Amino acid sequence: MASQSTTPQSAPAADHSLALLREMLRIRRFEEKCAELYSAGKIRGFMHLYVGEEAVAVGAMPVLQPEDAIVSTYREHGHALVRGIPAKTIMAEMYGKHEGCSGGRGGSMHLFDAATRFYGGNAIVGGGLPLAVGLALADKMQGRQRVTACFFGEGAVAEGEFHESMNLAALWKLPVMFCCENNLYAMGTALRRSESETDLCLKAASYEIPAWPVDGMDVATCEEAARHAYLSVHSGGGPCFVEFRTYRFRAHSMFDPQLYRDKQEIEEWKKRDPILILQGRLEQQGLLKAEDLQRFEDEIAAEVADAVDFAEAGTWEPLEDLTRFVYSESSRR
Ligand SMILES: Cc1ncc(C[n+]2csc(CCOP(=O)(O)OP(=O)(O)O)c2C)c(N)n1
Ligand SMILES: [Mg+2]
């Protein structure tokens, strides 16, 4: 993929770049608040932050249409926000409140929203891939021209489900856009310590799936790669695989002393913070004014504060409803 452009942008292109910057900031600030709320004991259970990886969701997801489907992992707050699930119902879900997007039963790892065709939020590594293949198979069998985008970490390539899914998607020419977020680590296991072949695109290519790597820290290259993949998948070309090379700046989850990587490595990657890259580019082109940035920060702070108020005011699911959805309503009689 071609890399960043430093040539002056037209007004609509500049507005678009500013919107991308705002959306990455929105995810960053939302998650920083989540970390704070976690320390305060308001959010409990497992929680995995996307800080550092925002360019992938922000670049890749807007190329999708409302009728397309998304499947993600437990590191999905960013994907859910970009897809348009309201921040307040995401926050309520993080709190475990009834008003949350999954009724308070899923928490951070299981955000779900049928209205936006956001099929999770999956805690099982690699578990989303067969779901995506199933969704795409249904679309193909029913003659609907739709795409399913499946986001997963590079840790999934060690799972049988990855290989089964790639094989069937390729064999049946299913409309799946496989979006691998390669942040180099699966919990504390570095890719190079667990895979004999670390070129993930070769794995996809071995199933005859077109695959290419992209700089996952640059939102512009993420968007360009995703658009290219989307057009190919949408026009009936079968699945595509995009490897977004990215990095998480924070720990794997809230319980991770990070003994497996050097602070130096983290600092090196932080120099390529996707927000700073785009901010710097826009400033260099004279397209980002200090007051624009301040306005973004103010609007986002207000949205996050509203989300917290909504979650705080939320209710707990009534005790008598706890067995609902375990068995079908008819079998309860
Ligand atoms: C099948 C399965 N095995 C193990 C785990 C425990 N586990 C949770 S997250 C994780 C690492 C996954 O890493 P990766 O796919 O690279 O995603 P990242 O966390 O880096 O976004 C593991 C091994 C799990 N959830 N599911
Ligand atoms: Mg990983």
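Order of listing sets the numbers, starting from 1, for every ligand and every atom in it. Keep in mind that what you see is a predicted model, and the values were worked out from it rather than measured.
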(request) Please work out the angle at the Mg ion (ligand 2) defined by atom O of Y185 on one side and atom OE1 of E154 on the other, rounded to 10°. (result) 120°
Contacts under 3.5 angstrom, residues 230-241 side chains, donor-acceptor by atom type, not counting sequence neighbours:
{"unit_1": "Y230", "atom_1": "OH", "unit_2": "D68", "atom_2": "OD2", "d": "2.6"}
{"unit_1": "S235", "atom_1": "OG", "unit_2": "L231", "atom_2": "O", "d": "2.9"}
{"unit_1": "S235", "atom_1": "OG", "unit_2": "S232", "atom_2": "O", "d": "3.1"}

(request) Only counting residues at least two apart or in another chain, list the ones meeting ring-ring contact (aromatic ring centres under 6.0 Å, His included) with F249. (result) none
Contacts table for residues 156-169: side-chain donor-acceptor under 3.5 angstrom, sequence neighbours left out:
{"unit_1": "H163", "atom_1": "ND1", "unit_2": "Y207", "atom_2": "OH", "d": "2.9"}
{"unit_1": "H163", "atom_1": "NE2", "unit_2": "V157", "atom_2": "O", "d": "3.0"}
{"unit_1": "S165", "atom_1": "OG", "unit_2": "E161", "atom_2": "O", "d": "2.6"}

(message) Just to be sure I understand the cut-off, which residues have at least one non-hydrogen atom under 4.0 angstrom from an atom of ligand 1?
(response) Y74, R75, A123, I124, V125, G153, E154, G155, A156, E159, N183, Y185, A186, M187, H252
Hey, is [X] close enough to [Y] for a salt bridge, meaning N to O under 4.0 Å?
X: E99; Y: K88; value: no
X: E197; Y: K203; value: no
X: R227; Y: E224; value: no

